[in-house]
Amino acid sequence: MQVVVRDNNVDQALRALKKKLQREGVFREMKLRNYYEKPSEKKARQKAEAVRRARKLARKRAQREGGLPAPAAAARPARP
């Protein structure tokens, strides 16, 4: 993985690196590897994740086809 530092702006490069690591799932994997996970627990977690993904996909598909209303956007307060 590579991040380019432009104009000696290390803060911006660090933010870009963190974003890339987040997208790749490195932080999530580090968190999972912090402790031993029994094979049965791992299988149950993976199955639950698959169910969540399937439900999300079905919900999005239903919204596209007009079966469900689109979620209302949360009103954000105006920035000063």
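Numbers here are sequence positions counted from 1. None of the values given here were measured: they were computed from a predicted structure.
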Next on the checklist: For Ala13 versus Val3, what's the shortest heavy-atom pair and its separation?
Outcome noted: O-CG1, 3.4 Å
Next on the checklist: Among residues at least two apart in sequence or on other chains, which ones pass side chain to side chain contact (heavy atoms under 4.5 Å, CB included) with Tyr36?
Outcome noted: Lys38, Pro39
Donor-acceptor contacts under 3.5 Å from residues 46-66 side chains, at least two apart:
| from | atom 1 | to | atom 2 | distance (Å) |
| --- | --- | --- | --- | --- |
| Glu49 | OE2 | Arg28 | NH2 | 2.3 |
| Glu49 | OE2 | Arg45 | NH1 | 3.2 |

Next on the checklist: Show every side-chain hydrogen bond (donor to acceptor under 3.5 Å, both in side chains) that has at least one partner inside residues 1-13, sequence neighbours left out.
Outcome noted: Asn9-Gln12
Checklist entry - In a check of side-chain contact (heavy atoms from CB on, under 4.5 Å) between Arg33 and each of Glu37, Lys31, Glu29, which one passes? => result Glu29
Checklist outcome for this item: Applying side chain to side chain contact (heavy atoms under 4.5 Å, CB included) to Met1 and not counting sequence neighbours gives Leu17, Lys20, Leu21, Glu24
Next on the checklist: Please enumerate all residues that pass side-chain hydrogen bond (donor to acceptor under 3.5 Å, both in side chains) together with Gln22, with sequence neighbours excluded.
Outcome noted: none
